Undergrad: 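Have a look at the structure that comes next, please.
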Amino acid sequence: MTTAPLTSLQAAIAAEAAAVAGTTGVHVELGPPARPEHGDLATPVAMTLARAAKRNPREIAEALAERLRARPDTAAALEAVEVAGPGFLNLRLAPAWVTDAVRTVAAAGPGFGRGGVARPERILLEFVSTNPTGPIHIGHARGAAYGDSVGRILSFVGHAVTREYYINDHGAQMELFAASVAARYAELVGAEPHMPEGGYPGEYVIGIARALREELGDAYDGRVSPPDAGTLELFGRRGGELMLDVIRGTLERFRVSYDEFFSERTLHQTGRVEAGVRRLVDSGDAYEADGAVWFRTTAYGDEKDRVLVRSGGGTTYLAADVAYHLDKAARMGDRMIDVLGADHHGYIGRLRAVLAAGGFDPDTLEVLIMQLVGLTESGEAKRMSKRAGTIVLLDDLIDDIGVDAARFFLVERSHDTAFELDLDLAREQSQENPVYYVQYAHARCCSILAKAAAEGVTRDPAAGPPQVLDPSERALALRLAEWPRTVADAAERRAPHRVVAYLKDLSRDLHAFYHRCRVVGEAREVQAFRMELTVATRDVVRCGLDLVGVTAPDRM
RNA sequence: GCGCGCGUAGCUCAGUGGAUAGAGCGUUGGCCUCCGGAGCCAAAGGUCGCAGGUUCGAAUCCUGCCGCGCGUGCCA
């Protein structure tokens, strides 16, 4: 990892601030001031220190300013250091510092900001994990775009991430699915269909039935009306596999990748669900009552105990999740992250109880809850029902607006905010979509560099810094310097929308720079600096877009 | 009832203790002899749900209330 330009400046200020206050380990907030006329950077560190030091913040700020002016490296980096307001320190960067910073960014290329995390972790990231009873729809799509982006960002800053999909290929929903496939199969072979109550009416079930018929030939034609147990078992298992293939195809198309697909069915088959329940019973964390086996989750802060084995004999979803999460805990490394839909948030306490009962630190489980995506069409909320087959599929959304726009849209807002996606707007706006704004910034950089190449202009590392900088150059350079902190912040908060917001800001800075400054054909120092600025911007935009799974075309 | 999340510009949303709260879309008015106008510049638009509290400083933290969403299954 390249040392980020702002990091060393920040460290120098922290050292001097500590000296002034007579303490150690001072954290320095260093960022753009609220108003541009206050300079390039500002820090409230003097005010932060004032309380503990019991001194006037302005007095501390003045002393700190003195030291920064006297210290050689900060004196060279800073053109002006001023105390303002209640004790802010406003900094103005010297052109040479700005030039060096941009050179550093450009030299690092698309890897600028990589590996910035202080303590790398091994993280098991689970997301989407829908049961294979139907295709991926808009509700899953947000979790897919979000989870994949978080994975990319965590990896980028230096964590070792394993991405996992938990296949819910067992249970009542799968049985309904198997029966639904059998009913469609019966239709295909001209037999009486037995569609179960609450079965899956979607068209795709016909496709699964057709594929099965092709695999099986006519061997099952007489066993589907009504289906026998063996038929249902096969149709559920094989139908689920075929459905999962469809899901994987959609995810791949959506540029979402996994390291592992973990089947719930195998947990049951290998007896690990039973073993998990037994383990809880043995440790006293589960007990029998009313003919059922209960998990004593109240011992871990839940409001009531939860059933693991029904009085009728079957295990619950939670029982499988006990086995699954104990398995994950054993192999996760340092941490596991579950990305779950909003309708599962009541589940968090139970999952933490699983870990605690298993002897693991429940804080190693992090549950990220996706709020819902609502759809509006023609100004009205679109009613969607999986069972009625009126759901909007991810494949359809991609056909409408493309992968780039869909992914950009879905991670543009914080994951804990419910938002409405207006389908009409999403369709009509495909030309006005913010994704084009950012992609255009990248294409524009490429265009400038193509022009430079055509004119025989190359990068010029030996050129000195320009005498003066245009405000748009300063703004763009500073924005680039902030990238490592932005991406580190996005990783820490699991917040890809911060990357998106940054890219929009960066693009705005680039476009403004473009309109005020020419690159090719300027005086040597100016042209050299602007070439670096253009290269650095191109690479950071490309990198940021890649972190949210969006392409960066050279031409549009 | 209880638990979690959310109330910020007309709309969609950023902003988890710092200065006069921001962006996009929409509205209004300017800018193409140019490395791409899928762009730029400017204007208008706010009791940050309400009321207290914590402190040098609160959209941000605490308490209460109001409103919206989700959850509160021997469903998954």
Side-chain angles (χ1 to χ4, degrees), chain A residues 29 31 33-35 38 42-45 47-48 50-51 56-58 84-88 90 130-131 133 168 170-174 176 198 264 290-294 302-304 306-321 341-349 369 371-372 374 409 412-422 425 429-441 443-455 457 472 493 495 497-498 500-502 504-505 507-508 510-521 530 534 555-556:
Chain A
E29 289 285 333
R35 309 186 67 78
H38 290 144
T43 176
V45 66
M47 292 183 289
T48 312
R51 190 173 309 171
N56 183 323
R58 281 196 67 104
F88 287 98
N90 290 333
T130 175
N131 53 5
T133 57
N168 291 146
H170 182 273
Q173 294 305 317
M174 281 309 288
L176 272 177
E264 177 185 354
D290 305 327
V293 179
W294 298 74
D302 201 0
E303 53 196 25
K304 58 172 286 192
R306 310 289 171 173
V307 170
L308 292 167
V309 183
R310 288 188 277 265
S311 50
T315 53
T316 61
Y317 179 86
L318 177 61
D321 247 330
D343 53 342
H344 286 72
H345 79 245
Y347 213 67
I348 298 175
I369 294 298
Q371 291 300 321
L372 304 176
F409 254 111
E412 201 179 355
R413 276 72 171 231
S414 170
H415 68 93
D416 58 14
T417 298
F419 81 100
E420 288 289 311
L421 187 60
D422 186 327
L425 204 66
Q429 269 201 340
S430 58
Q431 294 302 304
E432 285 292 313
N433 195 292
V435 70
Y436 290 90
Y437 184 81
V438 175
Q439 288 179 317
Y440 185 50
R444 181 163 257 174
C445 291
C446 293
S447 177
I448 294 169
L449 295 170
K451 168 78 174 176
E455 304 275 320
V457 173
S472 67
R493 297 170 189 273
H497 77 275
R498 290 189 178 232
V500 173
Y502 173 87
K504 290 192 285 192
D505 288 341
S507 300
R508 186 166 39 250
L510 182 275
H511 292 310
F513 160 75
Y514 173 85
H515 280 271
R516 289 179 58 95
C517 303
R518 286 189 65 81
V519 176
V520 178
R530 291 179 181 172
T534 306
R555 308 159 59 95
M556 297 175 64

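In what follows, every heavy atom counts, from backbone to side chain, and hydrogens, waters and symmetry copies are set aside. So that the names make sense, note that chain A is the first sequence line, chain B the second, and so on, each numbered from 1. This one's a predicted model, so the numbers in the text were calculated from it and none came from an experiment.
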Undergrad: State whether the distance check finds a donor on one side and an acceptor on the other, under 3.5 Å, for side chain A:Thr417 versus base B:C6.
TA: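 Checked by distance alone, the answer is no.
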
Undergrad: Examine the base of B:A76 for any acceptor or donor lying under 3.5 Å from a partner atom in the side chain of A:Asp343, and report the outcome as yes or no.
TA: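 In this structure, the two groups form no donor-acceptor pair.
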
Undergrad: Do A:Phe88 and A:His38 make the cut of ring centroids closer than 6.0 angstrom?
TA: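 Judged by ring-centre distance (under 6.0 Å), A:Phe88 and A:His38 do not meet the cut-off.
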
Undergrad: Could you write out RNA chain B as dot-bracket? Rules: Watson-Crick or G-U wobble, both distances under 3.5 Å, brackets [ ] for crossings, | for pairs with another strand, dot for unpaired.
TA: (((((((..((((....[...)))).(((((.......))))).....(((((..]....))))))))))))....

Undergrad: Using atom names, set out every protein N or O paired with an N or O of nucleotides 29-34 of chain B below 3.5 Å, distance rounded to 0.1 Å.
TA:
none

Undergrad: Tell me whether the OP1 or OP2 atom of B:C74 has a side-chain N or O from A:Lys304 closer than 4.0 Å.
TA: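 Yes, within the criterion.
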
Undergrad: Taking CZ from A:Arg516 and P from B:G37, how many angstroms apart are they, rounded to a whole number?
TA: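 My rounded result for the distance is 17 Å.
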
Undergrad: Taking 4.0 Å as the cut-off, does a side-chain nitrogen or oxygen of A:Arg498 come that near to OP1 or OP2 on B:G15?
TA: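 The answer is yes; a side-chain N or O of A:Arg498 sits under 4.0 Å from OP1 or OP2.
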
Undergrad: Just label B:C4 as syn or anti from its O4'-C1'-N9-C4 or O4'-C1'-N1-C2 angle, using within 90° of 0 for syn.
TA: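 In terms of base orientation relative to the sugar, B:C4 is anti.
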
Undergrad: Taking the same atom, C1', in B:A59 and in B:U16, what whole-Å distance lies between them?
TA: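 Between the two C1' atoms, the distance is 10 Å.
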
Undergrad: Within the structure, does a side-chain N or O atom of A:Arg555 lie under 4.0 Å from either OP1 or OP2 of B:A38?
TA: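 No, A:Arg555 has no side-chain N/O under 4.0 Å of OP1/OP2 on B:A38.
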
Undergrad: Taking the side chain as everything from C-beta on, heavy atoms only, tell me whether A:Val438 gets closer than 4.5 Å to A:Lys504.
TA: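 SC-SC contact between A:Val438 and A:Lys504 confirmed.
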
Undergrad: I need the OH-C1' distance between A:Tyr347 and B:G5, as an integer number of Å.
TA: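 The answer, rounded to whole Å, is 20 Å.
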
Undergrad: Rounding to an integer number of angstrom, what distance separates B:G67 and B:G24 when you compare their C1' atoms?
TA: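 Their C1' atoms lie roughly 27 Å apart.
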
Undergrad: With a 6.0 Å cut-off on the ring centroids, do A:Tyr317 and A:His170 count as close?
TA: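 Ring centres of A:His170 and A:Tyr317 not closer than 6.0 Å.
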
Undergrad: In whole angstrom, give the distance that lies between atom CG of A:Asp416 and atom P of B:C70.
TA: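 Rounded to whole Å, this separation is 17 Å.
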
Undergrad: To the nearest Å, how far apart are A:His415 NE2 and B:C70 C1'?
TA: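 Atom-to-atom, A:His415 to B:C70, this comes out as 15 Å.
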
Undergrad: Examine the base of B:G3 for any acceptor or donor lying under 3.5 Å from a partner atom in the side chain of A:His345, and report the outcome as yes or no.
TA: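 Donor-acceptor pair under 3.5 Å: yes.
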
Undergrad: I'd like the P distance from B:G29 over to B:G17, given in whole Å.
TA: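 42 Å, rounded to whole Å.
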
Undergrad: In whole angstrom, what separates A:Glu264's CD from B:C75's C1'?
TA: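 Checked: the CD to C1' distance equals 13 Å.
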
Undergrad: Taking atom P in both B:A19 and B:A58, what distance in whole Å separates the two?
TA: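 About 10 Å, rounded to a whole number of Å.
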
Undergrad: Do A:Phe88 and the base of B:G18 stack face to face, with centres under 5.5 Å apart and an angle between planes under 30°?
TA: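 No, A:Phe88 does not stack on the base of B:G18.
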
Undergrad: Could you give the distance separating B:G3 and B:C40 at their C1' atoms, to the nearest angstrom?
TA: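 Those two atoms are separated by 50 Å.
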
